[in-house]
There are 2 protein chains.
Amino acid sequence: MKSELQVFQDYIRLRELRRTPERERILREIFEIHGHFDVDGLYLQLKQKGVKVSKASIYRALPLFIDCGLVREVEFSQGHWHYEHIYGHSHHNHLRCLSCGEIQEFENLFLHCLEEQLAKEYGYRIKSHHLQVEGLCPACRQREDEAGRS
Amino acid sequence: MKSELQVFQDYIRLRELRRTPERERILREIFEIHGHFDVDGLYLQLKQKGVKVSKASIYRALPLFIDCGLVREVEFSQGHWHYEHIYGHSHHNHLRCLSCGEIQEFENLFLHCLEEQLAKEYGYRIKSHHLQVEGLCPACRQREDEAGRS
DNA sequence: TTTTTATTGAGATTCATTCGCTATAGTACT
DNA sequence: AGTACTATAGCGAATGAATCTCAATAAAAA
């Protein structure tokens, strides 16, 4: 399997863009993050390490990473986008707690069947899906129950 | 079944807020819109009808409508949120064309099974789910194929 | 090297959303 | 009805994420 850097370089060549140390440094940093991130967090993390990259460059690099399938937008909350790297990950869906915001990832097995069904029924060529399920995690659920009783 | 206005008034009472003509007018307008809307469109639509409501009031009313289950955020795109009213609708999911943006709504049958399974597996109390499937609609698919051949 | 031009960084700009403030008007209680 | 209390409306200012401008730089190709 190609490394994410390799994937990006291939993409750069294909699109006739330019390899720059900034873009590759940003990409490396993203793949060191376990879980979700946002632009500001990524920027600060680079800054702390003494890496000089402007926010503008991050904003300009992200659409490229997304376009070549290395990163995806997870959700828009708190007024800005949250992202995650996805290369090498099996596609997963999110189970999010409405109270504490905890996110569980889960695999799904039968959405592929659904995709096929949709393709047939509506004539679509399916590219991707996002499934987000919301509810209360065990802890918050218990807390809510106790509050309800009092 | 309660009217959406009734639902909202019950909510207002429960939360000890105040009934105001602005909020109820905004809500009525929302339920006259078939399909998705955004704040700006809603504001202009009211303005055209000669209804004087400020954008700030719309921004302040929407979270209430969402909280009482009358409206939901559909997606964040073009730099702002898009909403839809959901009361009285069966929950539907979206099949969106990545090229032209057309949105097909579809029912799903077995996500309820998935919800039950998740509830059992992770101990969550499921409240809702959003499933968005993306791809190319028949027309755009054909256009893409033709472009690819040339 | 030289040329070409994509990319960078910094700051300015845009624009959706929120905030601060004052006047108004629901609501509850005489 | 009248009064007190305070949530809400409207307006304009403020905020802040994202984008744009532009001069300087540095990839890539010749």
Side-chain angles (χ1 to χ4, degrees), chain A residues 5 8-30 36-68 71-83, chain B residues 5-6 8-30 36-47 49-68 71-83:
Chain A
L5 184 59
F8 185 57
Q9 287 173 359
D10 290 352
Y11 170 80
I12 288 291
R13 200 171 312 122
L14 183 71
R15 290 270 316 265
E16 296 180 324
L17 304 173
R18 289 180 184 173
R19 285 185 58 185
T20 71
E22 287 82 0
R23 285 171 176 170
E24 298 190 353
R25 187 64 190 76
I26 294 167
L27 184 60
R28 186 149 62 82
E29 197 64 27
I30 287 174
H36 300 167
F37 66 91
D38 55 25
V39 169
D40 221 57
L42 180 58
Y43 175 72
L44 290 175
Q45 189 166 316
L46 284 162
K47 190 167 209 164
Q48 277 182 346
K49 295 188 182 179
V51 181
K52 287 200 66 184
V53 184
S54 71
K55 264 189 199 173
S57 293
I58 297 176
Y59 277 112
R60 283 185 287 229
L62 276 171
L64 304 180
F65 300 152
I66 290 169
D67 197 38
C68 65
V71 170
R72 81 177 186 89
E73 292 169 341
V74 179
E75 62 167 0
F76 186 89
S77 64
Q78 290 126 44
H80 58 268
W81 278 102
H82 296 250
Y83 306 86
Chain B
L5 183 59
Q6 194 53 247
F8 185 57
Q9 287 174 358
D10 289 351
Y11 171 79
I12 287 292
R13 201 170 313 122
L14 182 72
R15 291 269 316 263
E16 296 181 325
L17 304 173
R18 290 181 183 172
R19 285 185 59 185
T20 71
E22 287 82 0
R23 286 172 176 168
E24 299 189 351
R25 188 64 190 75
I26 293 167
L27 183 61
R28 186 148 63 83
E29 196 65 27
I30 288 174
H36 300 167
F37 66 91
D38 54 24
V39 170
D40 221 57
L42 180 58
Y43 174 71
L44 290 176
Q45 190 167 316
L46 283 162
K47 189 167 209 163
K49 295 188 182 178
V51 181
K52 288 199 65 185
V53 183
S54 72
K55 265 189 197 172
S57 293
I58 297 177
Y59 277 112
R60 284 186 285 228
L62 276 171
L64 305 180
F65 300 152
I66 291 169
D67 196 38
C68 65
V71 169
R72 80 176 188 91
E73 291 169 339
V74 178
E75 61 168 0
F76 185 90
S77 66
Q78 290 126 42
H80 59 266
W81 278 103
H82 296 250
Y83 306 86

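Sequence lines set the chain letters: A, B, ... in the order given, protein chains first and strands last, and positions in each chain run from 1.
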Would you mind writing out the side-chain donor-acceptor pairs for residues 14-21 of chain B within the sub-3.5 Å range, not counting sequence neighbours?
{"unit_1": "B:Arg15", "atom_1": "NH1", "unit_2": "B:Tyr11", "atom_2": "OH", "d": "2.6"}
{"unit_1": "B:Arg15", "atom_1": "NH1", "unit_2": "B:Asp67", "atom_2": "OD2", "d": "3.3"}
{"unit_1": "B:Arg19", "atom_1": "NE", "unit_2": "B:Glu24", "atom_2": "OE2", "d": "2.9"}
{"unit_1": "B:Arg19", "atom_1": "NH2", "unit_2": "B:Glu24", "atom_2": "OE1", "d": "3.3"}
{"unit_1": "B:Arg19", "atom_1": "NH2", "unit_2": "B:Glu24", "atom_2": "OE2", "d": "3.4"}
{"unit_1": "B:Thr20", "atom_1": "OG1", "unit_2": "B:Arg23", "atom_2": "N", "d": "3.2"}

DNA chain C-proximal residues of residues 74-83 of chain A, any heavy atom under 4.0 Å: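 The stretch gives none, as no residue of it lies under 4.0 Å from the strand.
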
[X] has an atom [atom1]; how far is it from atom [atom2] of [N], in whole Å?
{"X": "A:Ile58", "N": "C:dT8", "atom1": "CD1", "atom2": "C1'", "result": "13 Å"}
{"X": "A:Gln9", "N": "D:dA27", "atom1": "CD", "atom2": "C1'", "result": "13 Å"}
{"X": "A:Glu24", "N": "D:dA26", "atom1": "CD", "atom2": "P", "result": "16 Å"}
{"X": "A:Ile66", "N": "D:dA18", "atom1": "CD1", "atom2": "P", "result": "11 Å"}
{"X": "B:Asp38", "N": "C:dC15", "atom1": "CG", "atom2": "P", "result": "15 Å"}
{"X": "A:Leu46", "N": "C:dG9", "atom1": "CG", "atom2": "P", "result": "11 Å"}

If only side-chain N and O atoms of B:Tyr59 are considered, is one of them under 4.0 Å from the OP1 or OP2 phosphate oxygen of C:dT18?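 So the side-chain polar atoms of B:Tyr59 never come under 4.0 Å of the phosphate oxygens OP1 or OP2 of C:dT18.
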
Could you check whether any side-chain heavy atom of [X] comes within less than 4.5 Å of a side-chain heavy atom of [Y], counting everything from C-beta outward?
{"X": "B:Val74", "Y": "B:Trp81", "answer": "no"}
{"X": "A:Glu73", "Y": "A:Ile66", "answer": "yes"}
{"X": "B:Ile26", "Y": "B:Leu62", "answer": "no"}
{"X": "A:Leu64", "Y": "A:Phe8", "answer": "yes"}

Between protein and nucleotides 8-13 of chain D, map the contacts as a letter string: B base, S sugar-phosphate only, - none, heavy atoms under 4.0 Å, written 5' to 3'. SBBB--

Going by an N to O cut-off under 4.0 Å, is there a salt bridge joining B:Glu29 and B:Lys49?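 Looking at B:Lys49 together with B:Glu29, the answer is yes, because their closest N to O distance falls below 4.0 Å.
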
